[in-house]
Amino acid sequence: MEKNNEQDWYNFWDKQGYFKADPSSSKKSYSLLMPPPNLTGELHLGHAMQHSIMDAIARFKRMQGFDVLLLPGVDHAGILFEGTFNKVLEKQGLSKRKLGREEWLKRAWEFRDEIYKSFHKTWTVMGISADWSREVFTFEPKIQKAVFEEFKRFWDEDLLYKGAYIVQWCPKCGTAIEDIEMEYQERIGKLYYVKYKIEGLDEYIEITTVRPETVYADVGIAIYPNHPKYREYIGKNAVNPLAGRKLPIFEDKRVDPKFGTGALKITPGHDLLDYEIGKDHNLEILHAIDKMGKMTELAGDLVGIKAVEARKLAFENLEKIGAISKVEEYSHSVPVCERCKTVVEPLISTEWFVKTKPLAEKALKNLDKINFLPKNYKKMLVDWYKEIHDWSISRSLWWGHRIPVWYCGKCNKTHNVGKDEGMVVSFDRPEKCPKCGGSNLIQDEQVLDTWFSSGLWPIATLGFPKKTTELKRYFPWNFEISAPEIKYLWIARMIMLSLHFVNEIPFKNMFFHGMLRDLQGQKFSKSLGNGIDPNELIKQWGVDSVRMALYGYSIPGRDGKTSKQLMSERCKNYRNFGTKLKNIYRFVIELKPDSLSSSDQSENKDDKEILEKLNSMVQEATKNIDNFSLHLAVEAIYNFVWHDFADIYIEKSKNRREEAQPTLEKVLKEIIIILHPFMPFLTEELYQKLPEHKKSIMLDNWPKS
RNA sequence: GAGCCCGUAGCUCAGUGGUAGAGCGUUCGGUUCACAUCCGAAAGGUCGAUGGUUCAAAUCCAUCCGGGCUCACCA
């Protein structure tokens, strides 16, 4: 079996079907669920690490005699993909609006195909032994059915509702997003002290705000209970300095006495806390800023101006009428959309929500069944579940699962939701309205949050909602891996949804790897341009070396600082290790004396010692892989091969070569096998040249210790 | 503001109760040897600080300092 390069070996394995799981097998199963990378472009070093880890465990388990399923796939990544794709269109002078939904979607799918090609290339180059016959894309028809089932069941169980609530709105992406899709940036801003005149008196309440442009939508003033200075105004009205509107003054314990003047202007349309307070005091909700991030008619002369620019103008308007008493420099954190970094605008929008309390409670009860690595991550999830908010699942995008709700164009023009309204939950267009019999049914315009489908990943990949043999055999997954940054968005959701829909935890072992960072400790990102391209490293040092280098970083929950140079040094080190292995092979097999009278039994002290060391190394490596401490397994093997075997034993064996030959061959074969999960290509190449071997190293057995 | 993690050799990091470790770097020596080099040796660390538990602490506990992450409605 002559193969010229790594790609040939990969094709050989693939063609032989070694990557395929076999549900009808009598072997015990072991299942690993690949986290689907986002459909946005190249795979980066973090993906390379994730996939190397999964592949090592998969290959290890196969050699231990398990029927292994390593299931691959890709996530359609709604908001993220849509942003990326729209940028591509922009460069071509096109846009969503110009193309229209249908044409835009057609082109989006074509763009998807391009990205797919690049993903698959990287996976095959890396030697990932996934069962490609079971590959899943989160937006493919099969998954659309599963997601529909998810939605339908939630609806039937009364866990879904639609309503106008205050949401985090990204004006750039043009959609509502969730708290956990935001991040905070420290900004220096200004804190404005604004005077609100008391109606009928020549007295004022002073209020601090960082957003004077929202004054136009102020509808009340809250002070903390028993405010020494302002409590006499309770029940009176203040006057909105910009809008002239009357503002009722009342107490509310949610106002922080320690902050500012102890009085808070209430703008329910543009602030979460104000929304809550406003609701409890029956205040009107007004909008000074619209969904495009521009000022509304409410802002008078500022109408149409971007909110960010309106801030200064609103301040000037206030100053002109003498309503500003003081301005301070102020440093605070500003919420931005984690995808596009635009400042998020809280506003009222009609969205769909999932009631998450019952789901979270069930998750909490079952969390102990999952082995988290590192352990302390469990606590973070516990805390999150305990304080969970309802999940806003609708997004005003095109790239995603369309909300499977149809409204009657005749009797439900306002798109009301309810069982006795002209509304149907259906995958396909319903023929007629259940209420009036009309045939003009219109589908909800919005799509579902990406994580609404990704959360179903552990079961949708195995055929949910059908009760498949795969679901029975491979679920719960033995192993799942993820970057920690999506633990709430994704991991927490998978746990809730799996428990809800199939009544089981989704995975038994949950491995959170660390984040690779640059030497300053910053994340690798496109915008910083500090990324390291795994393909470049592979080209220079070979896949096996890159994989080995990455296992050094595969410690649960531990971030690793690195750079192109440091990665290269590590890779070079393992490239040299590969060379060492080749030379060991050359010495033991190619250059062996002709006149060998081999014997298996040796009473020689050196032979006994190396075999003992081999045995304890195998034990250690096996234990460490079982514990998912790949870095320790790799270290143990590395030290044994290079130092115990090559430097010491082989050197000594040169004086008694013939006698040592059986031991040399035995140790060589075993280290090649034990290295296979980590260095799949080189080990197969050498394995094939051993005097006795199976058709592939993938079919050989992990040494028992 | 709360929680979690980290602080070990010049650099990047393992090690988490029993005589301080690896890779790279540095210095010295060897190498027509299985070695796209390799081998041998050396230098280099009060394991962030202080206190405690213990026969024994880098490791456990407390406090503090420094760095990071996560969460939170601070106007």
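The sequence lines fix the lettering, A, B, ..., with proteins before strands; numbering per chain opens at 1.
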Trainee: Which nucleotide sits closest to the side chain of A/K379: B/rA34, B/rA75, B/rG3?
Mentor: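 Looking only at heavy atoms from C-beta outward on A/K379, the closest nucleotide is B/rG3.
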Trainee: Which part of the nucleic acid, if any, lies within reach of A/Y377 when heavy atoms closer than 4.0 Å are counted: base, sugar-phosphate only, or nothing?
Mentor: nothing
Trainee: Closer than 3.5 angstrom, by distance alone: can the side chain of A/D518 be matched with the main-chain N or O of A/Q520 as a donor-acceptor pair?
Mentor: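 Flag set: sc A/D518 to bb A/Q520 pair under 3.5 Å.
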Trainee: Is the ring centre of A/Y204 less than 6.0 Å from the ring centre of A/Y196?
Mentor: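 No, ring centres 6.0 Å or more apart.
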Trainee: Check every strand shown and say whether A/K265 touches a base, only sugar-phosphate, or nothing at a heavy-atom separation below 4.0 Å.
Mentor: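 No contact at all - A/K265 keeps every heavy atom at 4.0 Å or more from the nucleic acid.
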Trainee: Using the C1' atom in both, what is the distance from B/rC47 to B/rU19, to the nearest Å?
Mentor: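 Straight-line distance between the two C1' atoms is 15 Å.
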Trainee: Which part of the nucleic acid does A/L264 contact within heavy-atom distance under 4.0 Å: base, sugar-phosphate only, or nothing?
Mentor: base
Trainee: Just do the side chain to side chain contact (heavy atoms under 4.5 Å, CB included) check on A/E183 and A/K341 with the steps written out, would you?
Mentor: CA-CA 8 Å; A/E183 57 186 38; A/K341 313 297 177 196; 2.7 Å; yes
Trainee: Starting at atom NZ of A/K561, determine the distance to atom P of B/rG7, rounded to an integer number of angstrom.
Mentor: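 Computing the A/K561:NZ to B/rG7:P distance gives 11 Å.
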Trainee: Which label fits A/F645 and A/F640: parallel for a plane angle under 30°, tilted from 30 to 60°, or perpendicular past 60°?
Mentor: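 Parallel: the ring planes of A/F645 and A/F640 meet at under 30°.
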Trainee: Would you mind telling me which of B/rA34, B/rU12, B/rA75 lies closest to the side-chain atoms of A/Y553?
Mentor: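 Nearest listed nucleotide: B/rU12.
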Trainee: Which nucleotide, B/rA34, B/rA75, B/rA14, lies nearest any side-chain atom of A/N583?
Mentor: B/rA34
Trainee: Whole Å only: how far is the CG atom of A/N576 from the C1' atom of B/rC24?
Mentor: 11 Å
Trainee: With under 30° as parallel and over 60° as perpendicular, where do the rings of A/W642 and A/Y638 fit, or are they tilted in between?
Mentor: tilted
Trainee: Just checking A/R558: base, sugar-phosphate only, or nothing, at a heavy-atom cut-off of under 4.0 Å?
Mentor: base
Trainee: By a strict heavy-atom criterion of less than 4.0 Å, which residues belonging to residues 536-551 of chain A are in contact with RNA chain B?
Mentor: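 Contacting residues: none.
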Trainee: Should A/Y330 be listed as having a side-chain N or O under 4.0 Å from OP1 or OP2 of B/rA75?
Mentor: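 Affirmative; the distance criterion is met.
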Trainee: Looking at A/N573, I'd like to know whether one of its side-chain N or O atoms comes within less than 4.0 Å of OP1 or OP2 on B/rC24.
Mentor: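 True: A/N573 side-chain N/O within range (under 4.0 Å) of B/rC24 OP1/OP2.
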Trainee: Which of these nucleotides, B/rC5, B/rA34, B/rC71, is closest to any side-chain atom of A/A646?
Mentor: B/rA34
Trainee: Need one value for A/G560: base, sugar-phosphate or nothing, where a base atom within 4.0 Å counts as base even if backbone is also close, heavy atoms only.
Mentor: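 The residue A/G560 makes sugar-phosphate contact but no base contact.
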Trainee: Does A/K580 put a side-chain nitrogen or oxygen below 4.0 Å from OP1 or OP2 of B/rC39?
Mentor: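 It does, given that an N or O in the side chain of A/K580 lies less than 4.0 Å from OP1 or OP2 of B/rC39.
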Trainee: B/rU8 and B/rU59: how far apart are their P atoms, nearest whole angstrom?
Mentor: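 So the two P atoms sit 13 Å from each other.
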Trainee: For A/R656, is there an ion pair with A/D607 - N to carboxylate O distance below 4.0 angstrom?
Mentor: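 So A/D607 pairs with A/R656 through a salt bridge.
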Trainee: For A/L191, which contact category applies under a 4.0 Å heavy-atom criterion: base, sugar-phosphate, or nothing?
Mentor: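 Result for A/L191 = nothing.
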Trainee: State which of B/rA36, B/rG23, B/rC73 makes the closest approach to the side chain of A/L273.
Mentor: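 Of the options given, the side chain of A/L273 lies nearest B/rC73.
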Trainee: Looking across every strand, which nucleic acid part, if any, lies under 4.0 Å from A/K582 by heavy atom: base, sugar-phosphate, or nothing?
Mentor: base
Trainee: Looking at B/rG15, I'd like to know if its phosphate oxygens (OP1 or OP2) sit under 4.0 Å from a side-chain N or O belonging to A/H631.
Mentor: yes
Trainee: Would A/N317 and A/Y216 satisfy side chain to side chain donor-acceptor pair (under 3.5 Å), going step by step from the backbone distance to the final call?
Mentor: CA-CA 11 Å; A/N317 283 347; A/Y216 293 103; 3.0 Å; yes
Trainee: Would you call the rings of A/F512 and A/F372 parallel, tilted or perpendicular, taking 30° and 60° as the class edges?
Mentor: parallel
Trainee: Take atom C1' in B/rA62 and the same atom in B/rG21, then report the distance between them in whole Å.
Mentor: 29 Å
Trainee: Could you tell me how the ring of A/F678 sits relative to the ring of A/Y551: parallel (under 30°), tilted (30 to 60°) or perpendicular (over 60°)?
Mentor: perpendicular
Trainee: Using whole Å, report how far CH2 of A/W642 lies from C1' of B/rC39.
Mentor: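 Computing the A/W642:CH2 to B/rC39:C1' distance gives 11 Å.
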Trainee: With rounding to the closest Å, how many angstrom separate the C1' atoms on B/rU12 and B/rG45?
Mentor: 16 Å
Trainee: Would you mind reading off the distance between A/L581 atom CG and B/rC38 atom P, rounded to a whole angstrom?
Mentor: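 Rounding to the nearest Å, CG of A/L581 and P of B/rC38 are 14 Å apart.
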Trainee: What's the separation between atom OH in A/Y193 and atom OG in A/S325, rounded to the nearest 0.5 Å?
Mentor: 8.0 Å
Trainee: Under 3.5 Å for both pairing distances: what stems, at least three Watson-Crick or G-U pairs long, include RNA chain B?
Mentor: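 Only these stems qualify: B:1-7 with B:65-71, B:10-13 with B:21-24, B:26-30 with B:38-42, B:48-52 with B:60-64.
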Trainee: Going by modelled atom types, is there a donor-acceptor pair between the base of B/rA34 and the side chain of A/K654 at under 3.5 Å?
Mentor: yes
Trainee: Base, sugar-phosphate, or nothing: which does A/V255 touch, judged by heavy atoms less than 4.0 Å apart?
Mentor: base
Trainee: Rounded to whole angstroms, how far apart are CH2 on A/W384 and P on B/rA2?
Mentor: 24 Å
Trainee: Extract all donor-acceptor atom pairs below 3.5 Å that involve side chains of residues 263-271 of chain A and protein atoms in other chains or at least two apart in sequence.
Mentor:
from: A/K265; atom 1: NZ; to: A/T214; atom 2: OG1; distance (Å): 2.6
from: A/K265; atom 1: NZ; to: A/D218; atom 2: OD1; distance (Å): 2.8
from: A/K265; atom 1: NZ; to: A/T267; atom 2: OG1; distance (Å): 3.0
from: A/T267; atom 1: OG1; to: A/D218; atom 2: OD1; distance (Å): 2.7
from: A/H270; atom 1: NE2; to: A/A288; atom 2: N; distance (Å): 2.9
from: A/H270; atom 1: NE2; to: A/I289; atom 2: N; distance (Å): 3.3
from: A/D271; atom 1: OD1; to: A/L273; atom 2: N; distance (Å): 2.9
from: A/D271; atom 1: OD1; to: A/D274; atom 2: N; distance (Å): 3.1

Trainee: So what does A/L566 hit on the nucleic acid, given a heavy-atom distance under 4.0 Å: a base, only sugar-phosphate, or nothing?
Mentor: sugar-phosphate
Trainee: Write down the distance separating the P atoms in B/rG25 and B/rC38, rounded off to the nearest Å.
Mentor: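 Taking atom P in both B/rG25 and B/rC38, they lie 10 Å apart.
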Trainee: Using atom C1' in both nucleotides, what's the gap between B/rC61 and B/rU16 to the nearest angstrom?
Mentor: 14 Å
Trainee: Say you draw a straight line from NZ of A/K357 to CG of A/D390; how long is it, rounded to the nearest 0.5 Å?
Mentor: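 A/K357 atom NZ to A/D390 atom CG measures 6.5 Å (nearest 0.5 Å).
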Trainee: What contact category does A/D256 fall into here, base, sugar-phosphate, or nothing, at under 4.0 angstrom with non-hydrogen atoms?
Mentor: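 Answer is base: heavy atoms of A/D256 come under 4.0 Å of a base.
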Trainee: Could you tell me whether A/Y193 contacts a base, only the sugar-phosphate backbone, or nothing, with contacts defined as non-hydrogen atoms closer than 4.0 Å?
Mentor: nothing
Trainee: Provide the distance between the two P atoms, one in B/rU46 and one in B/rC11, to the nearest whole Å.
Mentor: 13 Å
Trainee: So what does A/E276 touch, heavy atoms closer than 4.0 Å: a base, only the sugar-phosphate, or nothing?
Mentor: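 No contact.
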Trainee: Rounded to whole Å, how long is the line connecting atom OH of A/Y275 with atom C1' of B/rA75?
Mentor: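 Interatomic distance, OH of A/Y275 to C1' of B/rA75: 19 Å.
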Trainee: Give the rounded distance in Å between these two atoms: CG of A/D274 and P of B/rC74.
Mentor: 12 Å
Trainee: Which value, in whole Å, describes the distance between the C1' atoms of nucleotides B/rA58 and B/rC13?
Mentor: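 B/rA58 and B/rC13 have their C1' atoms separated by 15 Å.
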Trainee: Just how far, in rounded Å, is P of B/rA34 from CD of A/E665?
Mentor: 17 Å
Trainee: Between B/rA75, B/rA34, B/rA14, which one does the side chain of A/V210 approach most closely?
Mentor: B/rA75
Trainee: Are any of the side-chain nitrogens in A/K564 or A/E536 under 4.0 Å away from the carboxylate oxygens of its partner?
Mentor: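 A salt bridge links A/K564 with A/E536.
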Trainee: Pick base, sugar-phosphate or nothing for A/I207, based on heavy-atom distances below 4.0 Å to the nucleic acid.
Mentor: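 Counting heavy atoms under 4.0 Å across all strands, no contact is made by A/I207.
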Trainee: Look at the side chain of A/D647 and decide which nucleotide, out of B/rC71, B/rG40, B/rC4, has an atom nearest to it.
Mentor: B/rG40
